[in-house]
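Here is the naming used below: chain letters follow the sequence lines, and residue numbers restart at 1 for every chain. This is a predicted model, so every value here is computed, not measured.
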There are 2 protein chains.
Amino acid sequence: MNIGEASRRSGLPAKTIRYYEDIGLISPDRCENGYRDYGSDDVHKLRFLHRSRSLGFSVDECRQLLALYEDKSRASADVKEIATSKLTEIDRKIRELTELRRTLEHLVHACHGNDRPDCPILEELSEG
Amino acid sequence: MNIGEASRRSGLPAKTIRYYEDIGLISPDRCENGYRDYGSDDVHKLRFLHRSRSLGFSVDECRQLLALYEDKSRASADVKEIATSKLTEIDRKIRELTELRRTLEHLVHACHGNDRPDCPILEELSEG
DNA sequence: TCTTGACCTTCCAGCAACAGGAAGGTTCAT
DNA sequence: ATGAACCTTCCTGTTGCTGGAAGGTCAAGA
């Protein structure tokens, strides 16, 4: 199938699919006219990539996961380790954002938000 | 003062300070030898930038905030609006990450993490 | 005086992970 | 035959810096 169909079936934009080929994540066949030709296994991989990207794995982690996925003698511990470290990272991000949120909300609350120039937000930013 | 001192006082790397000049956020004087020459008001701005960046504002938002900061006839409502929309954005990010976290934790829990190839994480990624 | 080391300068490249668009070839339906 | 809807490659731009190369400047020590 052509890239458009692969895009529809995988949920990834054609641009992204070509990019994934550029960086060596997939390598579809080519038709005589030069068009890329995707098989159902390719689509399967693309969906795998789509899903793992949307779960927050970096492209490089996706590469590792994909390699493990195709390695029938893999140890599930290897996969679990990647996922666990990603979980830790997500936890950290959530903590940081929550802290940010608190500070910001405090500032927003303190600001009158009227047409006068007094602004605790700017004051805090300039002093903090 | 030289850029090194400005860096120490503002907490921003010298590279970043030059970059901020490149994109027009600050414009220090120059000495005869070509070195940048920062005054205390420059350092003040740099600290403002440092703080607002670390609060999650984009460089472009920082530019707006800085302009408001220097505009003595500003309305605090303008600042509050920027901060409020940033707050909304942070909330959205937190929600997304929390959802991600839940899915990922579920997967990590389901995986035995041993030396066998059976792996619910990969299964989910390939089907989801 | 020479030299060493810590500064400073500009410019160029690269990171992630694509997105947008130009210029052109192909296929299919009308 | 023509137009729409595909497809191709190549180049640029995004965000916010960071690293490095090649070179100028300055102050202190031998």
Among C:dA17, D:dG16, D:dC10, the one nearest A:Lys15 by side-chain distance: D:dC10
Side chains of B:Tyr69 and B:Val79 in contact at under 4.5 Å (non-hydrogen atoms): no
Any donor-acceptor pair under 3.5 Å from A:His44 side chain to B:Ser126 backbone: yes
A:Arg63 CZ - C:dC18 P separation (whole Å): 12 Å
For atom CG of A:Asn2 and atom P of D:dC7, their distance in whole Å: 5 Å
Pairwise 5' ranking along DNA chain D for A:Glu5 and B:Asp60, keeping only the more 5' one: A:Glu5
Nearest-nucleotide pick for A:Ile3, side chain only, options being D:dC17, C:dC8, D:dT8: D:dT8
C:dT9 OP1/OP2 closer than 4.0 Å to side-chain N/O of B:Arg36: yes
Positions of residues 18-25 of chain A (non-hydrogen atom under 4.0 Å from DNA chain C), listed by number: A:Tyr19, A:Tyr20
Cationic N near anionic O, under 4.0 Å, B:Arg63 to B:Asp60: yes
Phosphate-side-chain proximity, B:Asn33 and D:dC26, N/O vs OP1/OP2 below 4.0 Å: yes
Side chain A:Thr16, main chain A:Leu12, donor-acceptor under 3.5 Å: no
Under-4.0 Å salt bridge between B:Glu5 and B:Arg9: yes
Salt bridge (charged side-chain N to carboxylate O under 4.0 Å, His left out) evaluation trace for B:Glu105 with B:Arg102: CA-CA 5 Å; B:Glu105 191 182 29; B:Arg102 237 191 17 216; over 6 Å; no
Bend angle of the helix from C:dT1-D:dA30 to C:dT30-D:dA1, from helix axes over five pairs at each end, nearest 10°: 30°
Side-chain N,O (A:Thr16) to OP1/OP2 (C:dA19) below 4.0 Å: yes
Atom-to-atom span, CG of B:Asp37 to C1' of D:dT25 - whole angstrom: 15 Å
Between D:dT15 (P) and B:Glu89 (CD): distance, integer Å: 13 Å
Rounded interatomic separation in angstrom, taking CG from B:Leu49 and C1' from D:dT15: 16 Å
N/O (side chain, B:Arg30) to phosphate O (OP1/OP2, C:dT10) under 4.0 Å: yes
Validation: residues 20-36 of chain A side-chain donor-acceptor distances under 3.5 Å, sequence neighbours left out:
from, atom 1, to, atom 2, distance (Å)
A:Glu21, OE1, A:Arg36, NE, 2.5
A:Glu21, OE2, A:Arg30, NH2, 3.3
A:Arg30, NH1, A:Gly34, O, 3.1
A:Asn33, OD1, A:Tyr35, N, 2.9

Rounded distance in Å - CD1 (A:Ile17) to C1' (C:dA17): 15 Å
Interatomic distance where CD belongs to B:Glu32 and C1' belongs to D:dG24 [whole Å]: 15 Å
Test: A:Glu96 and A:Lys93 ion pair at under 4.0 Å: no
Main-chain N/O of B:Asn114 paired to A:Ser76 side chain as donor or acceptor, under 3.5 Å: yes
